Amino acid sequence: MDKELILQQTRAFVQAELAGAEGGHDWWHTLRVRNMALRLAGEEKADPFVTELGALLHDIADAKFHGGDDEAGPRKAARFLRSLSVEEAVADHVEQIVRHVSFGGGKGVPTFHSSELAVVQDADRLDALGAIGIARTFNYGGHKGRALYDPDILPNLNMSKEAYRTSTGPTLNHFYEKLLLLKDRMHTAGGKRLAQQRHDFMVTFLEAFTREWSGEDQGEKIPE
Ligand code: ADP
Ligand code: NI
């Protein structure tokens with residue numbers, strides 16, 4: 001098994017498949033997740049080959065762009081790897097990573113564990129946080145035609161998986177429904193550290209957003 005050739009072919013496949021994807025789930029997201037996963041893999045002693053394949057293929061067919069079909073991604077990843085004659089154990093492991101990486105609403109009980117899944121999942125979550133996380137979130141909301149914010153629609157912290165997927169709430173609610181919860185769901189020490197920094201940056205952003213929305217950033221209140 002020529003690992004470097006397989007990685008090259010996988011990169012080319014994923015890049016072509018993701019052409020035209022929504023800006024938050026495009027090839028650049030995948031590349032950032034791949035880079036971060038490999039960075040975390042060193043500390044975690046995760047296998048770099050499985051880690052990179054898992055990261056590259058993790059959003060190959062995201063359920064939210066495939067009618068909610070959770071198996072579309074793992075199926076496509078496995079089929080692709082088998083077409084390259086990747087060792088069965090590696091293909092199986094990568095298929096499991098793709099199956100388990102998504103947050104999906106956070107209700108499911110995880111049924112698979114590996115250090116390679118842990119680093120890919122942490123890398124994917126890190127890309128949902130911080131400045132890039134903010135940019136991706138508003139891009140996704142725009143893509144779905146959602147309001148930036150609506151003070152009359154409160155965040156819903158108890159959504160079912162289906163409600164989470166089909167929610168049409170304003171984009172700002174997504175921070176409270178998902179993004180601010182992620183820092184406590186990290187697996188690796190390096191991931192936790194970075195998540196805290198990116199989390200704090202988002203909190204600063206949300207405070208500024210709220211101040212500006214309510215007009216409290218004007219120094220003095222405008223006389224009535
Ligand atoms: P999932 O939670 O469905 O696994 P992803 O991890 O693929 O979602 O989500 C990646 C990014 O897509 C999120 O971090 C966020 O930026 C954006 N996103 C997903 N769902 C929403 C939503 N309902 N509103 C705004 N952004 C969203
Ligand atoms: Ni992703």
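The first residue of the sequence shown is numbered 1, and numbering continues consecutively from there. Everything numeric here is computed off the predicted structure, so don't read it as measured data. Both ligands and their constituent atoms are indexed starting at 1 by order of listing.
- Taking only nitrogen or oxygen atoms, main chain and side chain alike, Lys64 reaches within less than 3.5 Å of ligand 1.
- Here the N, O or S atom of Asp59 that is nearest to the Ni ion (ligand 2) is OD2.
- In terms of distance to the Ni ion (ligand 2), the nearest N, O or S atom of Asp124 is named OD1.
- Side-chain atoms of Asp124 do not come within 3.5 Å of backbone N or O of Asp127 as any donor-acceptor pair.
- Ring centroids of His143 and Phe138 are separated by 6.0 Å or more, keeping the two rings apart.
- Remark: side-chain polar atoms of His199 are not paired, donor with acceptor, to backbone N or O of Ala195 under 3.5 angstrom.
- Every atom of ligand 1 is numbered from 1 in the order shown, and the set under 4.0 Å from a heavy atom of Ala128 is 14 (O).
- Residue Arg146 has at least one heavy-atom neighbour below 4.0 Å for each of these atoms of ligand 1: 22 (C), 23 (N), 24 (N).
- The closest donor-acceptor contact from the side chain of Gln121 to the backbone of His100 lies under 3.5 Å.
- When side chains are defined from C-beta on, Tyr140 does not count as touching His174, because their heavy atoms never get closer than 4.5 Å.
- The closest side-chain donor-acceptor pair between Ser114 and His93 falls under 3.5 angstrom.
- With hydrogens and angles disregarded, a donor-acceptor distance shorter than 3.5 Å links the side chain of Ser214 to the backbone of Arg211.
- Residue contact annotation: His29 places an N/O/S atom under 2.8 Å from the Ni ion (ligand 2).
- One option in Arg136, Lys144, His25 has a heavy atom closer to atom 12 (O) of ligand 1 than any other, and that option is His25.
- Ligand 1 has an N or O atom lying under 3.5 Å from an N or O atom of Tyr164, backbone or side chain.
- Every atom of ligand 1 is numbered from 1 in the order shown, and the set under 4.0 Å from a heavy atom of Leu179 is 14 (O).
- Residue contacts with ligand 1 for Asp62 involve side-chain atoms from C-beta outward but no N, CA, C or O (heavy atoms, distance under 4.0 Å).
- For ligand 1, the atoms lying closer than 4.0 Å to a non-hydrogen atom of Thr137 are 15 (C), 16 (O), 25 (C), 26 (N).
- A 6.0 Å sphere centred on CZ of Phe201 holds no more than 12 heavy atoms belonging to other residues, nucleotides or ligands.
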